[in-house]
Amino acid sequence: MSKKFDKYGKKLKEMAVLEKQLSEIKDTDILLENILISACSIVNADAGSIYSYDEEENMLRIRYSVNYTKQAKLVPGAKLPYLSFSFPVNSDTICGYCAYSRKIINIPDVYNMSEWEDEENKIKRPYKFSIATDQASGYHTTSMLTLPLTMTNGKVLGVLQIINAQDNKGNIVPFDDEAEFYISHFATNVGQVYEYSYLTRQLIERLVRMAGYRDPKETGAHVERVSCFSVEIYDSYAAIKKIPEKERNRFRNTLKLAAKCHDVGKVAIPDGILKKDGPLTDEERAVMQGHTIIGAQIFEPIESELDQMAKDVCFHHHEYYDGNPRGYPGDVEDYQSFMPGDSVRKDRVPLKGEEIPLAARIVSLADVYDALRHMRSYKKEWTLEATIEEIKNQRGKQFDPELVDVFLKIIDRLEAINKAIS
């Protein structure tokens, strides 16, 4: 008996370490990704997905999926295709029923389910397993464990679903009582972490929304796409550079939120300039450029890594890699005295190369890519081919050449995200 308790104790200690690491993650999307990966590792599951719940629309939206069998067939650093779909919370699907009922659903074999959810009380299963995903991917789902992620007040935040438990020899087995106990315990604890991250994200998005109300060009979809593009570019860059995992995770976690804030300084730009339909005069453009400095001021005093990176991104995402003075605002020593409506000085000293913070160099590329691929009041949407050509032309000029090389390698994934977020 003592060996069994020792086994439980060791596993719970491992889970406590994972939960502590998760508690340090600020961005909700990055957190969900790591919750799923951690859940799979705890019970040796081969695949899974995690979903967020949109209460207003009563829909579940996939946020992240993992499949280690399929991942093993890819080249190092490559990712599985980006998925984007949603479905209603009701009793028709396993995940939908899980969110609707707030019940844990443990199915030993989805292709051979009993018709009874509770045979003793003659309660039938209201849901069915859809084989369409298996047919499309060529993967065979067998065992499945699905759990709700809830806030302390009982509100459903999302659903965690893990697939195909494996024994020590790699054979697919059902999720047993121990696995269900561990994952239930894990889901309860990380639900509280998710709740804190969710509320933090809400604060950031309210700040971004406030700026967006003033600037009709900066939609919520644009901000979300730039954030997602930035993380994808960094992930590929970090893999090529062999950046240590701990450092990589901390940076990407902070970048996801910081990138959303890149244009919050526009909240202080006068309406006559910010909402002008025609081209800006030189004087008006100099005032508009001040949004970078105002944005940097918003995140002072620096209290966290997020404050520092958000400041860097706001301040320097319009710099040119080669130091061309068309980039702005450059090295502004007296930026704290800059006031809304002030003009960026023409005699500024431009930043160049690695003087520009990495996060700002990444967001610069992501922001321009999105701006070119979408219609604005002053321009039409560019084709993918024209966009790629322009970014190639700006390699080593406006953009960091290494980041452009990374961008070109993952353009298909970026386009999938571009189409999914509108």
Side-chain angles (χ1 to χ4, degrees), residues 14-43 45 47-55 60-66 79-80 82-84 86 95 98-99 145-153 155-162 182-208 223-232 234-235 238 245-261 304-307 309-310 359 417 420-421:
E14 292 173 358
M15 290 165 58
V17 171
L18 289 172
E19 289 160 11
K20 184 178 184 302
Q21 292 171 348
L22 292 170
S23 70
E24 297 172 354
I25 297 175
K26 302 174 186 68
D27 179 71
T28 302
D29 288 338
I30 304 291
L31 176 63
L32 290 177
E33 176 182 342
N34 281 272
I35 287 174
L36 176 59
I37 292 170
S38 298
C40 289
S41 72
I42 289 169
V43 293
S49 298
I50 195 161
Y51 304 82
S52 61
Y53 175 53
D54 185 326
E55 185 176 22
L60 285 173
R61 177 188 172 194
I62 190 166
R63 306 302 301 196
Y64 188 74
S65 64
V66 65
K79 292 186 177 184
L80 294 170
Y82 180 83
L83 298 177
S84 175
S86 57
C95 285
C98 175
L145 181 59
T146 311
L147 306 91
L149 297 172
T150 59
M151 293 175 67
T152 51
N153 63 5
K155 176 182 175 181
V156 174
L157 285 170
V159 170
L160 169 64
Q161 184 174 77
I162 50 177
Y182 291 139
I183 294 300
S184 298
H185 180 87
F186 177 73
T188 297
N189 289 345
V190 300
Q192 296 174 22
V193 176
Y194 185 11
E195 177 178 355
Y196 177 77
S197 174
Y198 172 83
L199 295 174
T200 300
R201 177 170 178 160
Q202 290 298 306
L203 288 174
I204 291 292
E205 292 192 342
R206 285 168 184 161
L207 173 64
V208 171
V223 169
E224 185 65 27
R225 287 191 301 266
V226 168
S227 176
C228 290
F229 296 155
S230 297
V231 171
E232 293 295 334
Y234 175 73
D235 280 347
E245 183 179 5
K246 185 175 181 180
E247 180 183 346
R248 182 170 70 245
N249 288 339
R250 287 174 69 92
F251 191 96
R252 73 193 299 269
N253 166 39
T254 309
L255 178 63
K256 190 70 164 59
L257 285 176
K260 293 177 184 286
C261 303
S304 66
E305 290 180 4
L306 176 58
D307 287 343
M309 189 179 289
I417 295 170
I421 302 175

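Hydrogens, waters and symmetry mates are skipped; everything else that's a heavy atom, side chains included, is used.
Panel note: side chain Ser197, backbone Val193; no donor-acceptor pair is recorded below 3.5 Å. When atom types are taken as modelled, the side chain of Ser23 and the backbone of Lys20 share a donor-acceptor pair closer than 3.5 angstrom. In this structure, Ser227 contributes its side chain and Val223 its backbone to no donor-acceptor pair below 3.5 Å. Of the possible donor and acceptor atoms, none in the side chain of Asp27 sits under 3.5 Å from a partner among the backbone N and O of Asn253. Checking side-chain atoms of Thr146 against main-chain N and O of Cys95 turns up no donor-acceptor pair under 3.5 Å. Using a distance-only test at 3.5 Å, with no hydrogens or angles considered, no donor-acceptor pair links the side chain of Arg252 to the main chain of Tyr234.
When all heavy atoms are compared, the tightest approach of Phe229 to Ile417 is CE2-CG2, 3.7 Å.
Looking at heavy atoms from C-beta onward, Ser38 lies out of side-chain contact with Val190 at the 4.5 angstrom threshold. Inter-residue side-chain proximity for Leu207 and Leu203 is flagged as unmet; no heavy-atom pair is nearer than 4.5 Å. Side-chain contact between Arg201 and Lys260 is present, with at least one heavy-atom pair separated by less than 4.5 Å. In this structure, the side chains of His185 and Glu19 come closer than 4.5 Å at one or more pairs of heavy atoms. Residues Ile35 and Phe186 are in side-chain contact: their nearest non-hydrogen atoms beyond the backbone lie under 4.5 Å apart. With a 4.5 Å cut-off on side-chain heavy atoms, Ser184 and Thr188 do not count as touching. Side-chain contact between Asp29 and Glu224 is present, with heavy atoms from C-beta onward closer than 4.5 Å. When side chains are defined from C-beta on, Val159 does not count as touching Tyr53, because their heavy atoms never get closer than 4.5 Å.
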Original post:
Going through the checks in order, is the side-chain contact (heavy atoms from CB on, under 4.5 Å) test met by Val66 and Cys40?
Top reply: CA-CA 9 Å; Val66 65; Cys40 289; 3.9 Å; yes
Subject >> Criterion side-chain contact (heavy atoms from CB on, under 4.5 Å) on Leu160 and Leu145, from CA distance to verdict >> reply: CA-CA 8 Å; Leu160 169 64; Leu145 181 59; over 6 Å; no
Original post:
Going through the checks in order, is the side-chain contact (heavy atoms from CB on, under 4.5 Å) test met by Met15 and Asn189?
Top reply: CA-CA 10 Å; Met15 290 165 58; Asn189 289 345; over 6 Å; no
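Looking at Leu31, Ile37, Leu83 one by one, the single match for side chain to side chain contact (heavy atoms under 4.5 Å, CB included) with Tyr64 turns out to be Ile37.
Between Lys256 and Glu33, none of the side-chain N atoms (NZ, or NE/NH1/NH2) sits under 4.0 Å from a carboxylate O, so this pair counts as no salt bridge.
Atom OH of Tyr82 sits in a crowded spot, with more than 12 heavy atoms from other residues, nucleotides or ligands closer than 6.0 Å.
Partners of Asp54 under the side chain to side chain donor-acceptor pair (under 3.5 Å) rule, at least two apart in sequence or in another chain, do not exist in this structure.
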